[in-house]
Amino acid sequence: MAQKIKVKNPIVEMDGDEMTRIIWQFIKDKLVYPFVEVELKYFDLGIRHRDDTDDNVTVEAANAIKEFGVGVKCATITPNASRVKEYSLKQQWKSPNGTIRSILDGTVFRKPIIIKNIPPAVRAWKKPIIIGRHAYGDIYKSAEMVIDGPGMAELVFTPAGGGGKRALAVHEFKGPGVVMGLHNTEKSIRSFAKACIQYSLSEKCDLWFGAKDTISKQYHGFFRDVFAKEVGKEKDAMEKAGVNYRYMLIDDAVAQVMKAEGGMLWACMNYDGDVMSDMVASGFGSLGLMTSVLVSPDGMFEYEAAHGTVMRHYYEHLKGNPTSTNSVALIFAWTGAIAKRGELDNTLDVIKFAHAVEDAVIRTIEGGIMTKDLMLIAEPKVAKYALTEEFIDAVAVRLKKVIG
Ligand code: NAP
Ligand code: MG
């Protein structure tokens, strides 16, 4: 075997739970360690270790990403009441992704992996449609009230330093109804816009942003203006990278997306991103093909798969039954992190290696070896599916042929 490729600076590694924890080890043993020499700053975010450390390990991992700039994360259990019982947890710890996101002040981008024999549901789609979702405010931090009879609903702002209150009539109710107050902050919208610009520059893809500023002249108009201002600041860099910015009405954006071939970052307000990311994910085929990266406004990157720990498959595995779990998004989390490390370190061979792994994955599937979720939608049809480990082995064999 050829000499191992050296990665200059460390990558922060966050281990996780259930089926994805098992796949994680396979990926390291079969696709990473045999080919590259890399210092991994390891944090075990598995539910037991989070519980043992009172979840401090999650905070430490987030701080390590801040220090080293690049992280890769396995899927983790976000405990609910039944998980607390299942693992005898001290408490219902918060979502690790939420904790990391708030420490890095980041935005999540979801990008599907395109494979020739896994056709998207929408014929026009040829390249990935990447969704950037603003993850703060709007209906997710709203105040709402059911109104049970006639009366006046008002919007009131009371300045902190004293001075005149501002009040606005929302609606004079003649009978029962419902009312909601939304908010967002300039700081959050600005950092969302910055992260989107960072990402589009890093991927060299066009940036779309859609809102409903014809109807919501102030609220949605505020988003549009903050975006326009941030884009204005990066005009030269965007021009140089060939990145175009388009602002559209959200309904126009939706219509355009269905006719576009893809290859753009679609920045979405919180609710639009929630809804549209599920539409795009199912349109591209499988959750196992959806990657996710958290980008902070100051340029830190954390890569993961968009799916969870695939609990149902894990329980089958525990019963001793064979599984056919798709490892593609998890593999691409690793290659995303390795390629970004190479880019930041200016080490071309490291970037090339990451791309070689991605290429091996895609060619393996195009060659007809794939897990069950893909077999069901592959075109042309394939006769059988690969088991979890068989698929990763097939990728490793192909990779060895190219660089071994
Ligand atoms: P999930 O792990 O995403 O799996 C839901 C279903 O989607 C699976 O049962 C499977 O369908 C299919 N699926 C997802 N990923 C797949 C893959 N790689 N290969 C093949 N099929 C795949 O969601 P969940 O079961 O609702 O959640 C399990 C745990 O994950 C929860 O504790 C949740 O808190 C956690 N979670 C973590 C993250 C994260 O860390 N980013 C995100 C979401 C959820 P079939 O059963 O039909 O085969
Ligand atoms: Mg959703």
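Only this structure's heavy atoms are used, side chains among them; waters, hydrogens and symmetry mates stay out. First listed ligand is number 1; within each ligand, the first listed atom is number 1.
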Heteroatom proximity flag, His307 to ligand 1, N/O under 3.5 Å = yes
Contact check: Thr309 vs ligand 1, nitrogen or oxygen atoms, below 3.5 angstrom | yes
Identity and distance of the protein heavy atom lying nearest atom 40 (O) of ligand 1 = Thr76 N, 3.0 Å
Aromatic ring centroids of Tyr219 and His183 under 6.0 Å?
-> no
Within the distance-only criterion (no hydrogens, no angle test), does the side chain of Thr388 pair as donor or acceptor with the backbone N or O of Thr323 below 3.5 angstrom?
-> yes
Does the protein place any heavy atom closer than 4.0 Å to atom 12 (C) of ligand 1?
-> no
Run down the list Lys73, Arg83, Met19, Glu316 and name the one with the heavy atom closest to atom 32 (O) of ligand 1.
-> Arg83
Heavy atoms of the protein only: does one fall short of 4.0 Å from atom 6 (C) of ligand 1?
-> no
Per-residue contact class, Arg312 against ligand 1 - non-hydrogen pairs under 4.0 Å | side chain
Got the closest protein heavy atom to atom 25 (O) of ligand 1, with its distance?
-> Met311 N, 4.0 Å
Please check if a non-hydrogen protein atom sits closer than 4.0 Å to atom 45 (P) of ligand 1.
-> yes
Taking atom 2 (O) of ligand 1 as the reference point, report whether a protein heavy atom occurs under 4.0 Å from it.
-> yes
Under 4.0 Å from one or more heavy atoms of Glu304, ligand 1 contributes atoms 41 (N)
Going by the salt bridge (Lys or Arg N to Asp or Glu O under 4.0 Å) test, name the single residue among Asp15, Asp17, Asp44 that passes it with Arg50.
-> Asp17
Who's the nearest protein heavy-atom neighbour of atom 4 (O) of ligand 1, and how far?
-> Val310 CA, 4.1 Å
Please say whether His313 places an N or O atom under 3.5 Å from an N or O atom belonging to ligand 1.
-> yes
Side chains of Asn80 and Ser82: donor-acceptor distance under 3.5 Å anywhere?
-> yes
Could you label the plane-to-plane angle of the Trp24 and Trp334 rings as parallel, tilted or perpendicular, counting under 30° as parallel and over 60° as perpendicular?
-> tilted
With a 4.0 Å cut-off, would you call Glu18 and Arg83 a salt bridge?
-> yes
From the options Val357, Val361, Leu289, Val293, select the one residue that forms a side-chain contact (heavy atoms from CB on, under 4.5 Å) with Phe332.
-> Val361
Just jot down the ligand 1 atoms closer than 4.0 angstrom to any heavy atom of Asn326, in number order.
-> 17 (C), 18 (N), 19 (N), 20 (C)
Go through the steps for Arg224 and Phe222 under the test side-chain contact (heavy atoms from CB on, under 4.5 Å), then give the verdict.
-> CA-CA 5 Å; Arg224 176 204 58 214; Phe222 193 89; over 6 Å; no
Residue portion contacting ligand 1 (non-hydrogen atoms closer than 4.0 Å) for Asn97 | side chain
Side chains of Asp252 and Gln256, donor plus acceptor under 3.5 Å | yes
For atom 34 (O) of ligand 1, what's the nearest protein heavy atom and its distance?
-> Thr78 N, 3.0 Å
So, Ser216 side chain and Asp213 main chain: donor-acceptor pair closer than 3.5 Å or not?
-> no
Using a heavy-atom cut-off of under 4.0 Å, does the side chain or the backbone of Lys372 touch ligand 1, or both, or neither?
-> neither
Verify atom 37 (C) of ligand 1: protein non-hydrogen atom under 4.0 angstrom away | yes
Taking Glu366 for its side chain and Lys116 for its backbone only, find out whether a donor-acceptor pair lies under 3.5 Å.
-> yes
Exercise check, heavy-atom protein proximity under 4.0 Å to atom 48 (O) of ligand 1 | yes
Hey, looking at atom 42 (C) of ligand 1, which of Gly308, Ser292, Gly16 has the closest heavy atom?
-> Gly308
Between Asp51 (side chain) and Lys90 (backbone), is there a donor-acceptor pair under 3.5 Å?
-> yes
Ala75 heavy atoms, cut-off 4.0 Å: which ligand 1 atoms fall inside?
-> 40 (O)
Mind checking the CD1-CH2 spacing from Ile131 to Trp266? Nearest 0.5 Å is all I need.
-> 5.0 Å
Give yes if a backbone or side-chain nitrogen or oxygen of Leu287 is under 3.5 Å from a nitrogen or oxygen of ligand 1, and no if not.
-> no
